[in-house]
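When reading the values below, keep in mind they use all heavy atoms of this one structure, side chains included, and skip hydrogens, waters and symmetry mates. Throughout, numbering of the chain's residues begins at 1 and tracks the sequence.
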Amino acid sequence: MTDLPARMRVRDVELMRALAHPLRAELLNYLMSVGPRTASECATAVGSTASNCSWHLRQLASWGLVERADGDNARDKPWRATQVGLDLGEFSTDPVTQAAQLAAWGANTANDQVLTQRFVDSIDLIEPEWQQVSGISTYALRISATELAELTAAIDALIRPYVATIRTDAPPDARPVHTSVRAFPRIEADGKPSS
């Protein structure tokens with residue numbers, strides 16, 4: 001397998017703050033999932049107005065996260081994501097940076113919840129074959145920090161060939177699918193094996 005593009009490493013606090021805006025997070029995620037879309041198409045998908053989406057898309061463009069794509073006419077050219085994903089990195093010990101990281105993570109977590117609820121609310125509209133293969137899996141792991149880093153890297157390696165913005169060999173029946181992996185220590189657990 002050839003090397004696939006890496007996720008953008010986000011280290012700039014101002015960019016993290018920009019990504020903490022819920023609509024920007026949703027727009028970027030949407031464009032990474034479906035490919036080039038106009039501001040009007042984005043507005044329909046995310047439940048906003050075309051002018052509001054256009055403004056936020058321009059903000060994302062100023063950070064190099066989206067750009068104009070070729071379109072049918074000069075008036076309403078589509079936007080496309082320029083990234084295959086984002087890497088917000090390890091949590092900083094600097095309080096300002098950490099606050100920006102947490103805000104960006106929060107916006108992405110909220111977007112995950114919106115997409116999950118939208119799926120649950122629309123289950124009757126989804127084809128049976130897609131209903132059967134969709135799922136939410138939850139696991140309780142007992143794992144070291146080193147093992148978690150290895151597991152996360154292995155999951156990323158499995159998922160990366162299917163990333164919408166870089167996949168060129170998708171079969172005709174392929175469609176956008178939201179995948180979210182979360183892995184973090186349970187705060188209420190003491191870390192000791194139960195007896």
Identify the two heavy atoms, one from N52 and one from L23, that lie closest to each other, and give their separation to 0.1 Å. ND2-CD2, 3.4 Å
Examine W63 and M32 and state if one hydrophobic cluster contains both, with Ile, Leu, Val, Met, Phe, Trp and Tyr joined whenever side-chain heavy atoms are less than 4.5 Å apart. yes
Exercise: identify the closest heavy-atom pair between L86 and L65: CD2-CD2, 4.0 Å
Taking S62 for its side chain and Q59 for its backbone only, find out whether a donor-acceptor pair lies under 3.5 Å. yes
Closest heavy-atom pair and its distance - W79, L31: O-CD2, 3.6 Å
I want to check something: taking the side chain as every heavy atom from C-beta on, are D121 and Q117 in contact at a cut-off of under 4.5 Å? yes
Please examine the side chains of R37 and C42, heavy atoms only from C-beta on, and report whether any two atoms are closer than 4.5 Å. yes
Between CD1 on residue I155 and OG1 on residue T179, distance to nearest 0.5 Å: 11.0 Å
I need the L28 CG to H56 NE2 distance, nearest 0.5 Å. 13.5 Å
Polar side-chain atom of T82 near backbone of G64 as donor-acceptor pair, under 3.5 Å: yes
Please report the C-alpha distance between D87 and R11 in whole Å, then the side-chain angles of each, then the deciding distance to 0.1 Å, and finally whether the side chain to side chain contact (heavy atoms under 4.5 Å, CB included) criterion is met. CA-CA 9 Å; D87 170 10; R11 300 299 179 262; 3.9 Å; yes
Is the number of heavy atoms from other residues, nucleotides or ligands under 6.0 Å of E127 CD greater than 12? yes
Straight-line distance of Q98 CD to M16 CE, nearest 0.5 Å: 10.5 Å
Between R167 and D169, is the closest basic N to carboxylate O distance under 4.0 Å? yes
Membership question, hydrophobic clusters at under 4.5 Å side-chain separation (ILVMFWY): are I136 and V114 in the same one? no
Are V177 and F119 linked, directly or through other ILVMFWY residues, by side chains that come within less than 4.5 angstrom of each other? yes
Main-chain N/O of S40 paired to T44 side chain as donor or acceptor, under 3.5 Å: yes
In terms of hydrophobic clusters joined by side-chain contacts under 4.5 Å, are V181 and Y139 together? yes
If you round to the nearest 0.5 Å, how far is CZ of R175 from OG of S33? 12.5 Å
Check side chain to side chain donor-acceptor pair (under 3.5 Å) between Q132 and all other residues, then give those that pass, not counting sequence neighbours. none
Considering only NZ, NE, NH1 and NH2 on the basic side and carboxylate oxygens on the acidic side, decide whether E41 and R80 come within less than 4.0 Å. no
Heavy-atom check, side chain of H178 versus side chain of N29, under 4.5 Å: yes
Would you check if there is a donor-acceptor pair between the side chains of T97 and D94 at a distance under 3.5 Å? yes
Would you say the side chain of P22 lies within less than 4.5 Å of the side chain of R24, judging by non-hydrogen atoms? no
State, yes or no, whether a side-chain contact exists between N108 and L19 at a heavy-atom distance under 4.5 Å. no
Given the rule in the side chain to side chain contact (heavy atoms under 4.5 Å, CB included) test, do I126 and S134 qualify, once you have shown the distances and angles that lead to the verdict? CA-CA 10 Å; I126 297 171; S134 298; 5.5 Å; no
For F91 and W105, I'd like to know if the aromatic rings sit close, meaning centre-to-centre distance below 6.0 Å. yes
Between T49 and A43, what is the shortest heavy-atom contact and its length? C-CB, 3.4 Å
For the residue pair S54 / R58, report whether a side-chain donor-acceptor contact shorter than 3.5 Å exists. yes
How long is the gap from OG on S180 to CD on Q113, to the nearest 0.5 Å? 10.5 Å
Where do E26 and N111 come nearest, in terms of heavy atoms and distance? CG-OD1, 3.5 Å
Less than 4.5 Å apart, side chain to side chain, heavy atoms only: is that true for L141 and E147? no
Find the distance between CZ (R182) and OG1 (T109) and round it off to the nearest 0.5 Å. 5.0 Å
I'd like to check R17 versus V96 (side-chain heavy atoms, cut-off strictly below 4.5 Å). Are they in contact? yes
Test of understanding: clusters of I, L, V, M, F, W, Y form through side-chain heavy atoms closer than 4.5 Å, transitively. Do L148 and I159 belong to the same one? yes
Please test T165 against Q83 for side chain to side chain contact (heavy atoms under 4.5 Å, CB included), starting from the C-alpha separation and ending with a verdict. CA-CA 8 Å; T165 53; Q83 305 301 320; over 6 Å; no
Residues S92 and Q101: closest non-hydrogen pair is N-OE1, 2.9 Å
